[in-house]
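Single-structure report; data block below.
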2 protein chains.
Amino acid sequence: MNQLNEIEGFLREHAIRPSFQRVQIFKYLKNNKTHPTVDTIYQDLHPVIPTFSKTTVYNTMKLFTDRGLVSAITIEEGETRFDGDTSTHGHFKCTNCGELHDLFFDEPVNIPSLPEGFQLQEMHYYGWGLCPRCSK
Amino acid sequence: MNQLNEIEGFLREHAIRPSFQRVQIFKYLKNNKTHPTVDTIYQDLHPVIPTFSKTTVYNTMKLFTDRGLVSAITIEEGETRFDGDTSTHGHFKCTNCGELHDLFFDEPVNIPSLPEGFQLQEMHYYGWGLCPRCSK
DNA sequence: GTATCTGCAAAACATTTGCAATTCT
DNA sequence: AGAATTGCAAATGTTTTGCAGATAC
């Protein structure tokens, strides 16, 4: 069973029709842990899909995030990034060079105390500071 | 000592010239815990400052956040909100009605484990789910 | 055959930039 | 006078929308 077949099955399980574009985008997100933007995805897949359009990337990313298949990172304004890894972890942005890194927790992160009646479904953790290269 | 004098002194302490616009914006942020956007600030202060412009709000918010006087909330793309309360707390957005609430932690929040060389300066905590009104 | 999906072009917004007028010291 | 600040108008860049053609079931 190759990766493409696996992805098609996975998308079908989530009631998403595995169009060529969607499968390519999903594969791209699973293979690239670079937290790409819509533009990055478009630029990188454009050669693979000649008629590719950014609208399709926007449509697909909305679909994937709505279904919980990927998560949207809004750590910086005006540039939404996407992460194919939906496990509990945060993101760290270097305030000097702008590079984005994953942020993992040793212990289970504590849950905020919500007033009666609130239902927490998702948490995002964003950090800022200096990366090793910029903190010297 | 009235609030305006206090604000002027506070801004001077942070090497910020207390122009009329800046003092009004700062006062607004301290008195309104509504996490306003640039547009909200502009709309609400426009009557008070006849020649007011959004550019000034953008300039001032950048100045205030750079100096750590207020914090920028980027929980949703395309709509930066601001918080005059810079103490450690998160924000919660109802995925149904879109309302934004403060998110407080009972215990001290645990710090993510950063690889050697990283220097963490700021953390933001964003949560999504249903508010009491929408979870019924 | 009908519903869904794609992609072009235009529109809608938030934010930034250039610059001249104004204000403060 | 000199430096900082303001605010208008234009530009920029991302995301959304309308719609016609293509594709899948």
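Here is the naming used below: chain letters follow the sequence lines, and residue numbers restart at 1 for every chain. The basis for the numbers below is simple: all heavy atoms, side chains too, and nothing from hydrogens, waters or symmetry mates.
- For the segment residues 45-53 of chain B, residues with any heavy atom less than 4.0 angstrom from an atom of DNA chain D are, sorted by number, B:T51, B:F52, B:S53.
- For the helix from C:dG1-D:dC25 to C:dT25-D:dA1, the angle separating the two terminal helix axes comes to 30°, with each axis derived from five pairs and the value rounded to 10°.
- For residues 21-44 of chain A, proximity to DNA chain D is found at no residue, defined as any non-hydrogen atom under 4.0 angstrom from a strand atom.
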Between side-chain atoms of residues 69-87 of chain B and protein atoms elsewhere (two or more places apart, or another chain), which donor-acceptor pairs fall under 3.5 Å?
residue	atom	partner	partner atom	Å
B:T74	OG1	A:T74	O	3.2
B:E76	OE1	B:K93	NZ	2.9
B:E76	OE2	B:R81	NE	3.3
B:E76	OE2	B:K93	NZ	3.2
B:E77	OE1	A:T80	OG1	3.1
B:E77	OE2	A:G78	N	2.5
B:T80	OG1	A:E77	OE1	3.0
B:R81	NH1	B:H35	O	3.0
B:D83	OD1	B:D85	N	2.9
B:D83	OD2	B:H89	NE2	3.0
B:D83	OD2	B:H91	NE2	2.9
B:D85	OD1	B:S87	N	2.9
B:D85	OD1	B:S87	OG	2.7
B:D85	OD2	B:S87	OG	3.4

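- Taking A:Y58 as the reference, nothing meets the ring-ring contact (aromatic ring centres under 6.0 Å, His included) condition, with sequence neighbours excluded.
- The span of DNA chain C lying next to chain B, judged by atoms under 4.0 Å from heavy atoms, is bounded 5' to 3' by C:dA14 to C:dT17.
- With sequence neighbours left out, the ring-ring contact (aromatic ring centres under 6.0 Å, His included) criterion links B:Y28 to no other residue.
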Nucleotide N/O of nucleotides 18-21 of chain D paired with protein N/O under 3.5 Å:
none

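- A 4.5 Å side-chain heavy-atom check between B:L11 and B:R67 finds every atom pair outside the cut-off.
- Annotation: side chain to side chain donor-acceptor pair (under 3.5 Å) contacts of A:T88 (sequence neighbours excluded): none.
- Remark: A:Y58 in residues 56-68 of chain A come within less than 4.0 Å of DNA chain D through at least one heavy atom.
- Evaluation of the side chain to side chain donor-acceptor pair (under 3.5 Å) rule for B:T65 yields no partner, not counting sequence neighbours.
- Listed by chain and residue number, B:F118 satisfy the ring-ring contact (aromatic ring centres under 6.0 Å, His included) test with A:H101 (two or more places apart in sequence, or in another chain).
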